[in-house]
Amino acid sequence: MLDYKLAWQGKKMVKVDRFFPSSKKCCKCGRIKKELRLSERVYHCECGNEMDRDRNAAINIREEARRMLTA
């Protein structure tokens, strides 16, 4: 349903691979953590980046979709 509604508005839907490490990847430096428990709600990276885990994942998904559109 979402796909046809976006097409109706002249927009395009981009589907990011479900195994893309959006939660484990730092949105600032790109470093990928090997382990990240679901109980860890704040993402901490060695580069100093600290933010909500879901916000970090959302930024990574947005950037991956933009990369896919320009590729």
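The structure displayed is predicted, hence computed values, not measured ones. For reference, positions follow the sequence shown, starting with 1.
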Same cluster for F20 and I32 if Ile/Leu/Val/Met/Phe/Trp/Tyr side chains link at under 4.5 Å? no
What is the minimum heavy-atom distance between I59 and C27, and which atoms define it? CG2-CB, 3.6 Å
Contact between E64 and S22 at the side-chain level, heavy atoms closer than 4.5 Å - yes or no? no
So which atom in C47 and which in R31 form the shortest heavy-atom distance, rounded to 0.1 Å? N-NH1, 3.7 Å
Approximate separation, where rounding is to 0.5 Å, of N60 CG and R67 CZ: 12.0 Å
For R41, side chain to side chain donor-acceptor pair (under 3.5 Å) partners two or more places apart: D54
Look up atom CG in L36 and atom NZ in K25, then write down how far apart they are to the nearest 0.5 Å. 14.5 Å
Could you state the interatomic distance from SG (C26) to CE (M51), rounded to the nearest 0.5 Å? 7.5 Å
So for atom CZ, which belongs to R55, do other residues, nucleotides or ligands contribute more than 12 heavy atoms lying within a distance under 6.0 Å? no
Measure the spacing between OG of S39 and CZ of R53 and express it to the nearest 0.5 Å. 8.5 Å
Is it possible for you to say whether V42 and L38 belong to one hydrophobic cluster, with membership spreading through side-chain heavy-atom contacts below 4.5 Å? no
Are there over 12 heavy-atom neighbours, none belonging to K33, within less than 6.0 Å of that residue's NZ? yes
Can L6 be reached from V14 by stepping across I, L, V, M, F, W or Y side chains whose heavy atoms are under 4.5 Å apart? no
To the nearest 0.5 Å, how far apart are CG in D3 and NZ in K12? 10.5 Å
Determine, stepwise, if the pair N56 / K28 fulfils side-chain contact (heavy atoms from CB on, under 4.5 Å). CA-CA 9 Å; N56 181 63; K28 299 290 183 186; over 6 Å; no
SG on C29 to CD on E46, rounded to 0.5 Å: 8.0 Å
